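Structure record follows, encoded as structure tokens.
Please read all numbers here as calculations on a predicted model, not as lab measurements. The figures here come from the full heavy-atom set of this structure, side chains too, leaving out hydrogens, waters and symmetry mates.
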Amino acid sequence: MNNPTNYFRLSALALLWGSSFLLIKLALEALAPTQIALTRIVLGALVLLALCAVRGLRIGRDRAVWRHVAVAALFGSTLPWVLFGIGEQTVDSGLTGVLNATTPLWTVLFGVLVTREAPPPARLGGLLLGFLGVLLIFAPWQGTGMLSWGVLACLGAAVSYGISYVYIGRKLTGQHGLPPLVLAAMQMIAATGYAVVALPLDGLRPVHWDLLALVSVAVLGIFGTGLAFALNYRIISDEGATTASTVTYLMPIVSVLLGWWLLGEELGLRILLGMAVVLVGVLLTRRSPTTRTTAVPTTVQEEKMSEGNRTGATAVEQRTRTEELPPIAPPKGWARLHLALMRGSQLYAELATNHPMK
């Protein structure tokens with residue numbers, strides 16, 4: 001990484017987002033799913049608005065932008081967070097984190113359906129492998145009743161995330177000149193309206209004053225939503241969306257370990273294997289086809305950046321040469337694994353630029 005501090009930021013981000021399922025589980029002792037979603041959204045919105053104010057960023061007023069933000073808020077915040085709360089009433093927090101790990105698969109699937117373009121073989125293979133991992137988790141052939149309403153609610157939340165990422169990528173990312181932090185704050189504002197509308201579904205019941213549960217939802221809103229969005233924004237600014245999106249691989253591991261350690265949840269070998277298969281499928285969907293060239297005449301463009309202004313215009317000097325390029329040895333060992341990870345995040349990483357994940 002360009003800034004070693006971002007290793008700690010990435011670790012903190014994985015802990016915050018990976019622990020969100022544990023915090024939801026604890027918060028359910030005092031609050032209904034819609035109450036948890038509303039509290040989380042309001043606290044997150046306040047944190048993001050405060051950060052915008054500190055940085056001198058103004059909330060956009062364009063009605064067209066707000067219409068797009070409203071759609072993103074529905075599918076990217078309110079709906080999945082309510083569904084996760086409903087699902088975790090009967091589903092372990094660790095399994096919820098595993099189901100959430102399917103989000104990149106749905107993102108790629110909806111992206112392919114929208115563009116109507118045939119995906120590269122590696123990406124198609126990743127999709128098939130990822131959904132085979134989901135099938136392994138559910139194991140319908142065992143007749144264990146794994147496909148409960150709670151599980152379907154959690155899976156529906158991941159599907160909703162996938163829809164939101166594709167929509168944001170087509171309608172919001174880099175099209176309106178607004179910083180990602182401002183778009184995140186706008187999304188939380190719009191999500192607040194949806195959460196208030198959804199509150200009568202089950203949120204009118206009295207709140208149980210359980211201290212641990214109330215602290216959990218406060219941590220979820222302030223740190224897991226507000227500050228986590230800001231952390232992700234900083235990592236994207238320093239390292240790029242590709243590096244930031246590697247948190248996807250860490251979140252289910254964190255959720256499983258925390259559920260096992262703090263709540264005594266146990267996940268069978270089949271579910272852990274299914275999670276591994278899903279993550280391998282996600283990795284394959286992020287790989288891009290590469291073409292290798294050997295010896296060809298090329299035109300080389302040398303770009304010289306002005307030292308006074310890194311974002312200024314570049315002076316491009318062109319010269320033609322007909323030298324045969326020496327072959328490049330393929331990477332080995334850790335370098336190959338690192339390259340495979342960093343090559344990923346094509347569609348999903350670009351979308352994460354303006355919409356941090358969970």
Qualifying residue for side-chain contact (heavy atoms from CB on, under 4.5 Å) with Met188, from Val47, Leu48, Val42: Leu48
query: Applying the 4.5 Å side-chain criterion to the ILVMFWY set and letting contacts propagate, would Leu212 and Ile36 be lumped into a single cluster?
result: no
message: With rounding to the nearest 0.5 angstrom, report the CH2 to CG distance, Trp260 to Leu22.
response: 14.0 Å
query: Of the non-hydrogen atoms in Ile41 and Thr192, which two are nearest, and what is the gap between them?
result: CG2-OG1, 3.3 Å
query: Could you walk me through whether Met186 and Val65 pass the side-chain contact (heavy atoms from CB on, under 4.5 Å) check?
result: CA-CA 10 Å; Met186 293 171 66; Val65 178; 3.8 Å; yes
field: Within residues 65-74 or reaching into it, pairs that qualify as salt bridge (Lys or Arg N to Asp or Glu O under 4.0 Å) - sequence neighbours excluded
entry: none
task: Find the distance between CG (Leu31) and CD1 (Ile24) and round it off to the nearest 0.5 Å.
output: 11.5 Å
- line: When rounded to the nearest 0.5 Å, the distance separating CH2 of Trp17 from CG of Leu220 is 12.5 Å
message: Between Leu129 and Val280, does the side-chain contact (heavy atoms from CB on, under 4.5 Å) criterion hold? Intermediate values first, please.
response: CA-CA 8 Å; Leu129 184 63; Val280 172; 3.6 Å; yes
query: Between Pro179 and Tyr233, which heavy-atom pair has the shortest distance, and what is it?
result: CB-OH, 4.3 Å
- request: Verify, without hydrogens or angle tests, whether Thr78 (side chain) and Leu74 (backbone) share a donor-acceptor contact under 3.5 angstrom.
  value: no
- prompt: Can Gln187 and Ser77 be counted as having a side-chain donor-acceptor contact under 3.5 angstrom?
  reply: yes
- request: Begin with the C-alpha distance, continue with both residues' side-chain angles, and end with the deciding distance and a verdict on side-chain contact (heavy atoms from CB on, under 4.5 Å) for Leu95 and Val256.
  value: CA-CA 7 Å; Leu95 179 57; Val256 168; over 6 Å; no
- line: Heavy-atom nearest pair, Tyr249 first then Leu279, reads CE2-O, 3.9 Å
- request: Provide the closest heavy-atom pair for Gln35 versus Leu204 in the form atom of the first, atom of the second, distance.
  value: NE2-N, 4.4 Å
query: Is the backbone N or O of Ile86 less than 3.5 Å from a side-chain atom of Trp149, with the two atoms forming a donor-acceptor pair by type?
result: no
field: Given Val197, Leu199, Val217, the one that forms side-chain contact (heavy atoms from CB on, under 4.5 Å) with Leu38
entry: Leu199
- prompt: So is Arg40 actually on top of Trp81's ring, under 6.0 Å and inside 45° of the axis?
  reply: yes
- prompt: Could you go step by step and tell me if Leu181 and Cys52 meet the side-chain contact (heavy atoms from CB on, under 4.5 Å) rule?
  reply: CA-CA 7 Å; Leu181 193 61; Cys52 287; 4.1 Å; yes
message: Before you tell me yes or no, could you show the steps for Ser93 and Glu88 under side chain to side chain donor-acceptor pair (under 3.5 Å), namely the whole-Å CA-CA distance, both residues' side-chain angles and the distance that decides it to 0.1 Å?
response: CA-CA 6 Å; Ser93 63; Glu88 287 202 54; 4.9 Å; no
- request: List the atom of Ala230, the atom of Leu51, and the distance in Å for their closest heavy-atom pair.
  value: CB-CD1, 3.4 Å
- prompt: Any chain of hydrophobic side-chain contacts (each under 4.5 Å) joining Val282 to Leu109?
  reply: yes
task: Would you please indicate if the ring centroids of Phe75 and Tyr161 are separated by under 6.0 Å?
output: no
task: Locate the shortest heavy-atom distance separating Thr248 from Pro104; write the atom from each residue and the value.
output: CG2-CG, 3.6 Å
task: Apply side-chain contact (heavy atoms from CB on, under 4.5 Å) to Arg9 and list each qualifying residue two or more places apart in sequence or on a separate chain.
output: Asn3, Thr5, Asn6, Leu231, Arg234, Ile235, Asp238
